[in-house]
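Data first, discussion second: the structure below is written as C-alpha cells.
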Amino acid sequence: MSDSKTIFEKIIAREIPADIVYEDEHCLAFHDIQPQAPVHVLVIPKRRIENVASLEDGDQEMAGKLLLAARNVARQLELADRGYRVVANCGNDGGQSVDHLHLHVLGGRQMKWPPG
Ligand code: DGP
C-alpha cells in the first residue's frame, strides 16, 4: 500500500470537496463523481484499508459497520423499497481504481446481470 494519501483520504480530511450524504464514527459516504446510475454513492471506512482482499480477521467489526452504513445510505436516499446494488471492486481484474476500500451503492434504475 502506498504511503501517499488516496483521493478518498483527502475527502475524509476535507482537503478536497465531495457531496457527502452520510457520516458516522467509522464511515463516510458521498456521491460518486462519475455516476453509473441515478443514485451512485460511495461508502468508505475512515480508516484506510486497500480493498476486500486486504481485510484481516480483526477487521470484522469495521467491515460489518461499512455494510450497515451502506444500508443506512440506501434507506436515507429512499432506495430500500425498490432495491439497489452494493458493489466492491477489488484489484485489477475487479476494476478497482482507488486503493481505499469502498462500497458502491447504486440505485434508481433496473440493474443488469452479469456486470461488464
Ligand atoms: P472503483 O473503480 O471501484 O475503484 O471506484 C472508484 C470510484 O471513485 C469511481 O466510480 C469514481 C470515483 N471517484 C474517483 N475520484 C473521485 C473524486 O475525487 N470524488 C468522488 N466523489 N468520486 C471519485
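Keep in mind it's a predicted model, so treat the numbers as computed, not measured. Indexing begins at 1, ligand by ligand and atom by atom, following the structure's order.
Here the side chains of Val98 and Glu50 are not in contact, with every heavy-atom distance at 4.5 Å or above. Residues Leu77 and Val41 meet the side-chain proximity criterion, which asks for heavy atoms closer than 4.5 Å. Residues Leu66 and His26 are not in side-chain contact: their nearest non-hydrogen atoms beyond the backbone lie 4.5 Å or more apart.
Residue Ala18 places no heavy atom under 4.0 Å from ligand 1. Heavy-atom distances between Lys10 and ligand 1 stay at or above 4.0 Å for every pair.
Closest protein heavy atom to atom 10 (O) of ligand 1: Asp32 OD2, 2.5 Å. In terms of protein heavy-atom proximity, atom 5 (O) of ligand 1 is nearest to His102 NE2, 3.0 Å. From the protein, the heavy atom lying nearest to atom 21 (N) of ligand 1 is His31 O, 2.9 Å.
If you check the side chains of His40 and His104, you find a donor sitting under 3.5 Å from an acceptor.
Within the set Asp19, Ile33, Val87, the minimum heavy-atom distance to atom 17 (C) of ligand 1 is found for Ile33.
Here Gln96 has heavy atoms under 4.0 Å from ligand 1 in both its backbone and its side chain. Contacts between Gln36 and ligand 1, counted as non-hydrogen atom pairs separated by less than 4.0 Å, are absent for every part of the residue.
Of all the atoms in ligand 1, the ones that sit under 4.0 Å from a non-hydrogen atom of Gln34 are 11 (C). Interface of Val98 with ligand 1, defined as ligand atoms under 4.0 Å from a residue heavy atom, comprises 4 (O), 6 (C). Close approach to Ile7 involves these atoms of ligand 1, each under 4.0 Å from a residue heavy atom: 18 (O). Per-residue contacts place Ser97 under 4.0 angstrom from the following atoms of ligand 1 (heavy atoms of the residue considered): 1 (P), 2 (O), 4 (O), 5 (O), 6 (C). Those atoms of ligand 1 with a heavy atom of Phe8 less than 4.0 angstrom away are 8 (O).
Aromatic ring centroids of Phe8 and Phe30 lie under 6.0 Å apart.
Taking a cutoff of 4.0 Å between a charged side-chain nitrogen and a carboxylate oxygen, Asp24 and Lys65 do not qualify as a salt bridge. The existence of a salt bridge linking Arg47 and Glu61 is excluded, since no basic side-chain nitrogen approaches an acidic carboxylate oxygen closer than 4.0 Å. Between Glu25 and Lys46, none of the side-chain N atoms (NZ, or NE/NH1/NH2) sits under 4.0 Å from a carboxylate O, so this pair counts as no salt bridge.
By the 6.0 Å contact criterion, CD on Glu78 is open, its count of non-hydrogen atoms from other residues, nucleotides or ligands being 12 or less.
When only interatomic distances are considered, the shortest N/O to N/O separation between His40 and ligand 1 does not fall below 3.5 Å.
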